[in-house]
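We're numbering straight along the sequence, starting at 1.
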Amino acid sequence: MRLLKLLAVLAALTTVAVVTALAGRADSVGPPWGPATPNFNLEVVLRPVASGPDNGFGLVKFRQPKDALKIVNLDVWVRDLAPNHSYYLQRATDSNVDDACTGTNWLTLGQGLVPEAIATDKRGTGRARLFRDLAAVPLGMQFDIQFRVIDAMTSVVVLESACYQFTVSQ
């Protein structure tokens, strides 16, 4: 009887060790993106402003890989905007993390420090792969962040996001 109990305990311990090892291995082969909490990665929804297109819509996949660099990738997609037209993605931040985006420091985003337009096709759909280097921002810094899309010719805001929070990681 003791032998059976001992074998049962050993089997249970072996199962726990195997599951733990597999879980650790699964984590190491997953995508190299920062954890969801605190907010290292965002799915930013862009909606039309009052004076913007009725059906306009956008999405920004804001991702910071887990690596030595502090680069944020911004994959932008917009639809139902003016066809064959150019737009810019902008962001504003504030360091008072309270879900109230009060920042007015609008920065046009692109390839690092070089702004890049989002060009729409004949249906008013556009995509852009942008990035921003946060090397000058301290690790762990948190801030409120808001995004908007502006017309490249007139600078009129056509889409905007709600307020999000972001934490700089590595």
Side-chain angles (χ1 to χ4, degrees), residues 16-50 52 56-79 81 86-120 125-152 155-170:
V16 169
V18 169
V19 169
T20 302
L22 290 175
R25 191 175 314 143
D27 288 345
S28 67
V29 294
W33 303 110
T37 305
N39 296 316
F40 297 98
N41 295 319
L42 305 173
E43 296 282 333
V44 176
V45 176
L46 299 161
R47 304 228 184 257
V49 297
F57 180 80
L59 184 65
V60 179
K61 288 191 175 189
F62 186 99
R63 300 282 186 263
Q64 186 178 2
K66 288 183 189 178
D67 59 18
L69 304 175
K70 291 194 280 186
I71 303 288
V72 172
N73 297 307
L74 302 146
D75 291 329
V76 186
W77 172 72
V78 295
R79 67 167 189 182
L81 298 181
S86 292
Y87 298 89
Y88 287 115
L89 178 68
Q90 294 186 321
R91 70 88 180 120
T93 61
D94 73 76
S95 57
N96 184 18
V97 183
D98 61 356
D99 289 323
C101 286
T102 57
T104 57
N105 56 340
W106 290 103
L107 175 71
T108 300
L109 300 168
Q111 300 298 316
L113 297 175
V114 180
E116 183 171 307
I118 304 162
T120 58
T125 299
R127 291 184 180 270
R129 296 184 75 123
L130 312 175
F131 73 90
R132 180 89 176 119
D133 187 345
L134 302 180
V137 181
L139 283 176
M141 181 172 181
Q142 297 180 321
F143 48 85
D144 284 340
I145 189 166
Q146 184 176 20
F147 295 88
R148 68 184 185 185
V149 172
I150 63 168
D151 185 300
S155 296
V156 170
V157 179
V158 294
L159 302 173
E160 68 182 355
S161 76
C163 188
Y164 293 84
Q165 289 76 47
F166 178 70
T167 303
V168 178
S169 70
Q170 194 169 34

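Across all non-hydrogen atoms, the minimal contact from Leu42 to Arg63 is O-NH1, 3.1 Å. In this structure, Met141 and Ser95 approach most closely via the heavy-atom pair CE-CB, 4.5 Å. Across Thr108 and Pro115, no two heavy atoms sit closer than the pair CG2-CB, 3.7 Å.
No donor-acceptor pair closer than 3.5 Å links the side chain of Arg79 to the backbone N or O of Gly56.
Checked against side-chain hydrogen bond (donor to acceptor under 3.5 Å, both in side chains), Thr93 has the following partners two or more places apart in sequence or in another chain: Asn105. When the side-chain contact (heavy atoms from CB on, under 4.5 Å) test is applied to Val97, the partners found at least two apart in sequence or on another chain are Gln142, Asp144, Gln165. Considering only residues two or more places apart in sequence or on other chains, Arg127 meets the salt bridge (charged side-chain N to carboxylate O under 4.0 Å, His left out) condition with none of them. Under the ring-ring contact (aromatic ring centres under 6.0 Å, His included) criterion, Phe131 pairs with no residue, sequence neighbours left out. Partners of Ala152 under the side-chain contact (heavy atoms from CB on, under 4.5 Å) rule, at least two apart in sequence or in another chain, are Ser86, Tyr88. Residues passing the side-chain hydrogen bond (donor to acceptor under 3.5 Å, both in side chains) test with Gln146: none are found, sequence neighbours excluded. Judged as a side-chain contact (heavy atoms from CB on, under 4.5 Å), and not counting sequence neighbours, the contacts of Leu113 are Arg132. Taking Arg148 as the reference, Gln90, Trp106, Ile150, Val157, Glu160 meet the side-chain contact (heavy atoms from CB on, under 4.5 Å) condition, with sequence neighbours excluded. Evaluation of the salt bridge (charged side-chain N to carboxylate O under 4.0 Å, His left out) rule for Asp151 yields no partner, not counting sequence neighbours.
Distance CG/Leu109 to CZ/Arg91: 6.5 Å, rounded to 0.5 Å. The CG atom of Leu59 sits 10.0 Å away from atom CZ of Arg47, with the distance rounded to the nearest 0.5 Å. A distance of 7.5 Å separates CG of Leu134 from CD1 of Ile71, quoted to the nearest 0.5 Å. Here Trp77 contributes atom CH2 and Ile118 contributes atom CD1; the two are 12.5 Å apart, rounded to the nearest 0.5 Å. Taking CG of Leu159 as the start and CG of Leu89 as the end, the distance is 10.0 Å to the nearest 0.5 Å.
Ring pair Phe147/Phe62: centre-to-centre distance below 6.0 Å.
Sorted pairs that involve residues 92-111 and meet salt bridge (Lys or Arg N to Asp or Glu O under 4.0 Å), not counting sequence neighbours, are lacking altogether.
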